Undergrad: 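Have a look at the structure that comes next, please.
Numbers restart at 1 for each chain; the letters A, B, ... are given by sequence-line order, proteins then strands. Bear in mind that the values here come from a model prediction, so they are computed numbers and not experimental data. Values reported hereafter were calculated over all heavy atoms of this structure, with side chains retained and with hydrogens, waters and symmetry mates removed.
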Number of protein chains: 2
Amino acid sequence: MAAPRPTIHEVARAAGVSISSVSRALNGQTSNPEMVARVKAAVDEVGYVPSAVAQSLKTQQTGQIAFAMEDIGNAAYLAMVREIQPRLREDGYRLLLHATGADVQDEIEVLESLAQKYVDGLVLCPIRITERHIAALRAPAVPVVVIGQLPAGVDVDNVRTDSRLGARLAVEHLYAAGARRIALVNGPADTVPGQARHAGYLEGLAACDLPVDETLVEFADFQVDAGREAAARLLDRADVDAIFGANDLIAIGAMHALRSAGRSVPDDVQVVGMDDTILAATSFPPLTSVSLGSRERGGLAADMLLARLRGEPGAARRETVPPALTVRESTRGVAA
Amino acid sequence: MAAPRPTIHEVARAAGVSISSVSRALNGQTSNPEMVARVKAAVDEVGYVPSAVAQSLKTQQTGQIAFAMEDIGNAAYLAMVREIQPRLREDGYRLLLHATGADVQDEIEVLESLAQKYVDGLVLCPIRITERHIAALRAPAVPVVVIGQLPAGVDVDNVRTDSRLGARLAVEHLYAAGARRIALVNGPADTVPGQARHAGYLEGLAACDLPVDETLVEFADFQVDAGREAAARLLDRADVDAIFGANDLIAIGAMHALRSAGRSVPDDVQVVGMDDTILAATSFPPLTSVSLGSRERGGLAADMLLARLRGEPGAARRETVPPALTVRESTRGVAA
DNA sequence: CAACTCCTCGGAATCGTTTCCGACACGGGC
DNA sequence: GCCCGTGTCGGAAACGATTCCGAGGAGTTG
């Protein structure tokens, strides 16, 4: 505890050279092999490790990148993290995690704190977009990539998917599998994904010539318990033969509710989830789910950010990952 | 892009005061309200945000804490992260995540890079312990808390559980529920948790007067697919009436294997998992699982680390969280 | 009214690096 | 033999904050 870490000065003294020479030798700017050897020996002798902070101050780079999402407990974000982290590592970046709990205030704080320059870049997954978001995204202090829908005119690198189309695919799949009273257990109505999925659901109904029945729609947070409770309310008041859950957690909650109500999946009621997370693959019965390419989106976001950090110029890019249905055993349909 | 961020000097100039006064005003060291107001006004005028890096250099604190584990995809670690992050936040720390992929080399690198002082502390969850770990833990550059078993004599703050006892509880529960041919699908044999669980399994058999039959033991990585394959191998060669999976992922893999083999859970074969993650609660049937208090352990580790960072002196502490069985529907037992 | 205390503020040093710049040595070409 | 280009190394100035210290003014006390 008492011994202060040696600095570059101690190394210089031990090697009998100047600190500039030490710095150069360590950063491969020295061609004289004897000098390099001397410095390396001194480094080992005093046990020197360069201070990341001092380097950051001088070089104006931190080697850190932040990923901000609602809740790391959501497997969709997890899939992104698992894809992002290795890529960052490869380029020598460390990953900082912000779980904002979908709190708008927190997200804004994250965006505004970028000006503190504690990271070199940010990947942000907002589920609500406010005026303040847009203002903060106008001229971020460091490169930012947003995963998710953005209003037109916001000029930020962006990776998105089409969850509206995804929701429509889910409905059409259920219709093709024979369902006629298709319910939606949606996420919160004031979130961007919630609105997109609702719209897609309606679009799907229209495409299948099914009537719109608002009693077949329920809302819940994007969580298992909330999904179970919402589905239970739904089952209480309506007769359904299929449920589309706005994400896998909700869908699994719905399956639990169905089970409690003594309805079997998929024989009595078919269920489709969304995000195609590991939960879908491991549930019983395995859950048919609309993949929104979480891993792909994470990977793309990481790549775009790294490109910017390498200095790539140009206008904001946008990549879109199409949704795709993964048919498992919670529906009676056939794979597309 | 072109405009450089304003520094404390710009603020000082705009306010017509010295940089020391600006610093004091912003850090609440100034009692003159007029001065504070002037500085605040200047801050807003030039749009100043202090540089985290420069502050870190001067104060020798980064406000960051790292959490290193095998794989963030494992819900047990996830539970820890979810418990750790809010506590750190409360004390103003940010969380850095290292997923090491159980690679010893990576873990060592994380430990050694602490000397770079890019974080103020570390929570480490190793699943293998090598000589190099022990050496690196001897005198870490910043406070470290280890979650998991440690050899005697390693003098580090430590939070552990007793997964050996947990495994024994699982076996005894299965025995009480009528199982007699109890299989173990373990994790890798060279990991600390793998060894502990194996030992606890044997202990449990002994306590129930059941014979040891090594054909009832299989090994797999701590993953669903690996668990499924291992369980399939097991079912091929042996007749079992219960499977204890060394974690929930393995246990769920085993349930899939059983399902493919046409055996029902819990009627034909009972299954117990370990870690009591969200996967256990959401699977069908819900999985009986041994809780190792992941959340608690994460919370304790965070608290211990924060205490050290607040300057708490004294010898290395050790906390132990006891295992507990959560009985669900994959077994026919009754809650303890 | 002088002397002393207390407080506020500004100047300058400091944290630990990287990098610019100038000094000096050396070798080659005329 | 002189001059110039090339290259290596050391000194010192950054990077952007915090904080020590000393100067000066205001307020108290004898």
Side-chain angles (χ1 to χ4, degrees), chain A residues 3-40 42-43 46-64 92 113-120 141-142, chain B residues 3-40 42-43 46-64 92 113-120 141-142:
Chain A
R5 285 184 333 111
T7 72
I8 198 171
H9 289 94
E10 273 72 54
V11 178
R13 192 172 314 138
V17 300
S18 75
I19 62 164
S20 1
S21 298
V22 174
S23 176
R24 277 188 296 252
L26 294 178
N27 295 320
Q29 324 244 38
T30 304
S31 40
N32 180 348
E34 195 196 338
M35 171 67 87
V36 174
R38 258 174 93 171
V39 169
K40 293 251 161 92
V43 163
V46 303
Y48 169 71
V49 181
S51 153
V53 173
Q55 285 181 322
S56 295
L57 179 58
K58 190 59 197 178
T59 62
Q60 304 284 52
Q61 310 193 34
T62 61
Q64 302 187 151
S113 67
L114 290 181
Q116 293 180 6
K117 288 291 189 83
Y118 65 98
V119 289
D120 296 340
V142 298
Chain B
R5 287 181 335 110
T7 71
I8 198 170
H9 290 95
E10 273 72 56
V11 179
R13 193 172 314 137
V17 300
S18 75
I19 61 165
S20 5
S21 297
V22 174
S23 176
R24 277 188 296 254
L26 293 178
N27 295 319
Q29 324 242 40
T30 305
S31 41
N32 180 348
E34 196 195 337
M35 170 68 85
V36 174
R38 256 174 95 172
V39 169
K40 293 251 161 95
V43 164
V46 302
Y48 169 71
V49 181
S51 152
V53 173
Q55 285 181 322
S56 296
L57 179 58
K58 189 60 196 174
T59 63
Q60 305 283 50
Q61 308 193 32
T62 61
Q64 301 187 151
S113 67
L114 291 181
Q116 292 180 6
K117 288 290 188 82
Y118 65 99
V119 289
D120 295 340
V142 298

Undergrad: Assess the side chains of Ser113(B) and Gln116(B): does a donor N or O sit below 3.5 Å from an acceptor N or O?
TA: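 No, because no side-chain N or O of Ser113(B) sits under 3.5 Å from a partner of the opposite role on Gln116(B).
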
Undergrad: Looking across every strand, which nucleic acid part, if any, lies under 4.0 Å from Val49(B) by heavy atom: base, sugar-phosphate, or nothing?
TA: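 Sugar-phosphate, no base atom in range.
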
Undergrad: If you look at every heavy atom in Thr62(A) and Lys117(A), which pair is closest and at what distance?
TA: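 For Thr62(A) and Lys117(A), the tightest heavy-atom pair comes out as CG2-O, 3.3 Å.
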
Undergrad: Find the distance Arg13(B):CZ to dC9(C):C1' and express it as a whole number of Å.
TA: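 It is 18 Å, rounded to the nearest whole Å.
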
Undergrad: Specify the closest pair of heavy atoms between Gly63(A) and Asp120(A), including all atoms of both residues, with the distance to one decimal.
TA: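 Closest pair (atom of Gly63(A), atom of Asp120(A), distance): N-OD2, 2.8 Å.
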
Undergrad: Answer yes or no: does a side-chain N or O of Tyr48(A) lie under 4.0 Å from OP1 or OP2 of dT17(C)?
TA: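 The answer is yes; a side-chain N or O of Tyr48(A) sits under 4.0 Å from OP1 or OP2.
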
Undergrad: Do Ser18(A) and Ser21(A) pair up side chain to side chain, a donor and an acceptor below 3.5 Å, judged on atom types alone?
TA: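 A pair is found: one side chain offers a donor N or O, the other an acceptor, under 3.5 Å apart.
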
Undergrad: Please list, by residue number, the residues of residues 18-29 of chain A whose heavy atoms come closer than 4.0 Å to an atom of DNA chain C; answer none if no residue qualifies.
TA: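 Those residues whose heavy atoms fall under 4.0 Å from DNA chain C, taken from residues 18-29 of chain A in numerical order, are Ile19(A), Ser20(A), Ser23(A), Arg24(A), Asn27(A), Gln29(A).
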
Undergrad: Pull out every residue in residues 50-63 of chain A that has a heavy atom closer than 4.0 Å to any atom of DNA chain D, ordered by number, or say none.
TA: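 Here the set is Leu57(A), Lys58(A), Gln60(A).
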
Undergrad: If every non-hydrogen atom of Val22(B) is compared with every non-hydrogen atom of Ala12(B), which pair is closest and at what distance?
TA: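 Val22(B) and Ala12(B) have their closest heavy atoms at CG2-CA, 3.7 Å.
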
Undergrad: What's the separation between atom CZ in Arg13(A) and atom OG1 in Thr7(A), rounded to the nearest 0.5 Å?
TA: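 The OG1 atom of Thr7(A) is 7.5 Å from CZ of Arg13(A), to the nearest 0.5 Å.
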
Undergrad: At their closest point, which heavy atom of Tyr118(B) faces which heavy atom of Gln64(B), and how far apart are they?
TA: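 Tyr118(B) and Gln64(B) have their closest heavy atoms at O-NE2, 2.9 Å.
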
Undergrad: Just how far is it from atom OG of Ser23(B) to atom NZ of Lys58(B), taken to the nearest 0.5 Å?
TA: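 One finds 10.0 Å between OG of Ser23(B) and NZ of Lys58(B).
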
Undergrad: Would you say dC9(C) has OP1 or OP2 under 4.0 Å from some side-chain N or O of Asn32(B)?
TA: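 Answer yes for this pair, as a side-chain N or O of Asn32(B) is under 4.0 Å from OP1 or OP2.
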
Undergrad: Picking from dG16(D), dC9(C), dG10(D), which would you name as closest to the side chain of Val17(A)?
TA: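 Ranking dG16(D), dC9(C), dG10(D) by closest atom to the Val17(A) side chain puts dG10(D) first.
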
Undergrad: Locate the shortest heavy-atom distance separating Ala54(B) from Ser51(B); write the atom from each residue and the value.
TA: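 Shortest heavy-atom separation between Ala54(B) and Ser51(B) comes out as N-OG, 3.0 Å.
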
Undergrad: Taking Arg5(B) for its side chain and Tyr48(B) for its backbone only, find out whether a donor-acceptor pair lies under 3.5 Å.
TA: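 Between the backbone of Tyr48(B) and the side chain of Arg5(B) there is no qualifying donor-acceptor contact (under 3.5 Å).
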
Undergrad: Have a look at His9(B) and say if it touches a base, only the backbone sugar-phosphate, or nothing, with a 4.0 Å heavy-atom cut-off.
TA: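 Counting heavy atoms under 4.0 Å across all strands, no contact is made by His9(B).
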
Undergrad: Which pair of non-hydrogen atoms, one from Ile8(A) and one from Ile19(A), has the smallest distance, and what is that distance?
TA: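 What the structure gives for the nearest pair is CD1-O, 3.7 Å.
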
Undergrad: Based on the rotation axes of five pairs at each end, what angle does the helix from dC1(C)-dG30(D) to dC30(C)-dG1(D) bend through, to 10°?
TA: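 The angle separating the two end axes equals 60°.
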
